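See below for the structure under consideration.
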Amino acid sequence: MAGTGVFAELVDGDGVFKYYSYGEWKKSCSGKSVPIINPTTRQPHFKVQACTQEEVDKLMEEAKTAQKSWAKTPLWKRAELLHKAAALLKEHKVPIADCLVKEIAKPSKDAATEAVRSGDLVSYCAEEGVRILGEGKFLVSDSFPGNERTKYCLTSKIPLGVILAIPPFNYPVNLAVSKIAPALIAGNSIVLKPPTQGAVAALHMVHCFHLAGFPEGLISCVTGKGSEIGDFLTMHPIVNCISFTGGDTGISISKKVGMIPLQMELGGKDACIILEDADLDLAASNIVKGGFSYSGQRCTAVKVVLVMESVANAVVEKVKAKVAKLTVGPPEDDCDITPVVTESSANFIEGLVMDAKQKGATFCQEYKREGNLIWPLLLDNVRPDMRIAWEEPFGPVLPVIRITSAEEGIHHCNASNFGLQGCVFTRDINKAILISDAMETGTVQINSAPARGPDHFPFQGLKDSGIGSQGITNSINMMTKIKTTVINLPTPSYTMG
Ligand code: NAP
């Protein structure tokens, strides 16, 4: 149960979850709290503190100070603490999963998997960090014209300082640790602003880092509505880097902040191109898994199917048969399709469905909604004038566009303002490579649905889907700067023998 056992100190006398600063759980002076609405019951389930600007100022100062001594902590020691936190995350997967079920209606098995996967990510990051941060470069000067070998250049990776981490609601634990662990192993301090839906799961995760024994001030967690406290955080002068995952909010943040490195993982409209020679059963299974897992609320969900006309009927029939088997209901029952995160999300999805209906899409199932629960829906014969052809529903609704050539599929994919991932199904590897190269997306999967993991693979979006690249190694590198020291010799010196 959330907020019990070792997590009891997270809750104040009024049942509000506290924020985390300087190694302590605290009540905000604002006296205000933010309710977290359970997507299934649509009733308030938890409350978190609405932190004030003064509280943010204080923990930013603490983060700045703590980082200076953390940067002097040996790499092996940083890794050791991360391994401890990883073990604690796995040990406490049940209460963390319980929060995810109540806050974001994640099916219970997936919720437990998120906690375990997060522990694995933290451990891998600790291992990778001690290797890649333990290496630098050595350069000599005489490779550049006009120079003799009088200069030896040593390069190493140094931390950036204070990293602000802002994850989205759909993986509030995993997408938080994917920022926290690389930041810490690289010698940075971290200020986390969790999504409001998912904040309590994130606070439980932070407590695992607390129990692992990280120094005071190194990790802080501020709660409150992004729309109220977000600008103050992102434009705070102490912040040296922002790692953000979410929707269009990331685009507006990137326009407001100053000269600091940004890691932005934003929305997607991942296309699934199916050629005539594809294994249609494999394609259909991947469409259902890719399009409907966690009710389509995944950045890398299949968000549009672009299928060759000649095999379209067969693919649609196979997908329909599999959709009919999806279970629909509460996350506690581990149903495949659970309520979407908020009523406004459900309304937005419904708007896309009604637009497609009005413009003549074929409904493969009857549209059904109860509260935030939307039954899985496949829309066939979608045309480019329909909103669903371009917009990200972030729900269990999947459009199918029939195409007459691979080029038409590539064109649709590239006409999107997003460029996160895509996939292509064909038995011809040469065609697959040509299509993959032509698709303007950060990743293309051949014969499988788009996916963010395994977490050490590079993960990035082009165009409005992001800035920079994630994945454990890339995130560690992104959260460091190169420092060089040049040794100037009085006379050229060459290593002999
Ligand atoms: P969102 O509305 O953009 O929110 C993301 C985070 O930003 C939340 O923590 C939110 O806090 C915070 N926020 C809101 N306003 C802010 C502001 N003015 N300044 C700073 N932070 C602010 O996204 P979401 O609805 O949580 O997540 C869904 C989106 O994320 C989808 O578009 C999906 O594709 C994308 N996503 C992308 C990836 C990827 O790796 N590319 C992965 C997962 C999800 P509050 O909750 O308090 O508002």
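Whatever order the structure lists ligands and atoms in, that order sets their numbers, starting from 1. Here, residue 1 is the first one in the sequence, and each next residue gets the next number. All values reported here derive from a predicted model rather than from experimental measurement.
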Which label fits [X] and [Y]: parallel for a plane angle under 30°, tilted from 30 to 60°, or perpendicular past 60°?
X	Y	result
H204	F17	tilted
Y171	Y294	perpendicular
F232	H236	perpendicular
H412	W390	parallel

Enumerated ligand 1 atoms positioned under 4.0 Å from heavy atoms of [X]:
X	answer
E392	31 (C), 32 (O), 33 (C), 34 (O)
L175	42 (C), 43 (C)
G224	47 (O)
T245	5 (C), 37 (C), 38 (C), 39 (C), 40 (O), 42 (C), 43 (C)
K225	47 (O)
G246	3 (O), 5 (C), 23 (O), 29 (C), 30 (O), 35 (C), 36 (N), 37 (C)
N170	43 (C), 44 (C)
I253	19 (N), 20 (C)

Measure the distances from the heavy atoms of [X] to every atom of ligand 1 and state whether one is below 4.0 angstrom.
X	answer
P167	yes
K193	yes
G250	no
Y171	no

Open item on the list: Checking contacts here: is it the side chain or the backbone of L420 that comes within 4.0 Å of ligand 1, counting heavy atoms only? Could be both or neither.
Closed with: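 Answer for L420: side chain.
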Task: K26, NZ atom: more than 12 neighbouring heavy atoms under 6.0 Å - done: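 It does: K26 NZ has more than 12 such atoms within range.
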Open item on the list: Please determine whether the number of non-hydrogen atoms from other residues, nucleotides or ligands lying under 6.0 Å from atom NZ of K463 exceeds 12.
Closed with: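 It does: K463 NZ has more than 12 such atoms within range.
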I want to know if ligand 1 touches [X] in the polar sense, i.e. an N/O pair below 3.5 angstrom.
X	value
I166	no
F459	no
G226	yes

Salt bridge check, [Y] against [X]: does any charged N sit closer than 4.0 Å to a carboxylate O?
X	Y	answer
D385	K359	no
K27	D14	yes
D334	K109	yes

Task: Side-chain H-bond candidate by donor/acceptor type, T196 with K225, under 3.5 Å - done: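 No, because no side-chain N or O of T196 sits under 3.5 Å from a partner of the opposite role on K225.
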- [ ] From atom 1 (P) of ligand 1, work out which of T223, T249, T196 has a heavy atom at the shortest distance.
- [x]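 The option holding the nearest heavy atom is T249.
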TODO: Around atom 36 (N) of ligand 1, find the nearest protein heavy atom and jot down its residue, atom name and distance.
DONE: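 Answer, as residue, atom name and distance: C299 CB, 3.5 Å.
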Open item on the list: Ring centroids only, cut at 6.0 angstrom: are H92 and F7 within range, meaning strictly under it?
Closed with: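 Close enough - the centres of the two rings lie under 6.0 Å apart.
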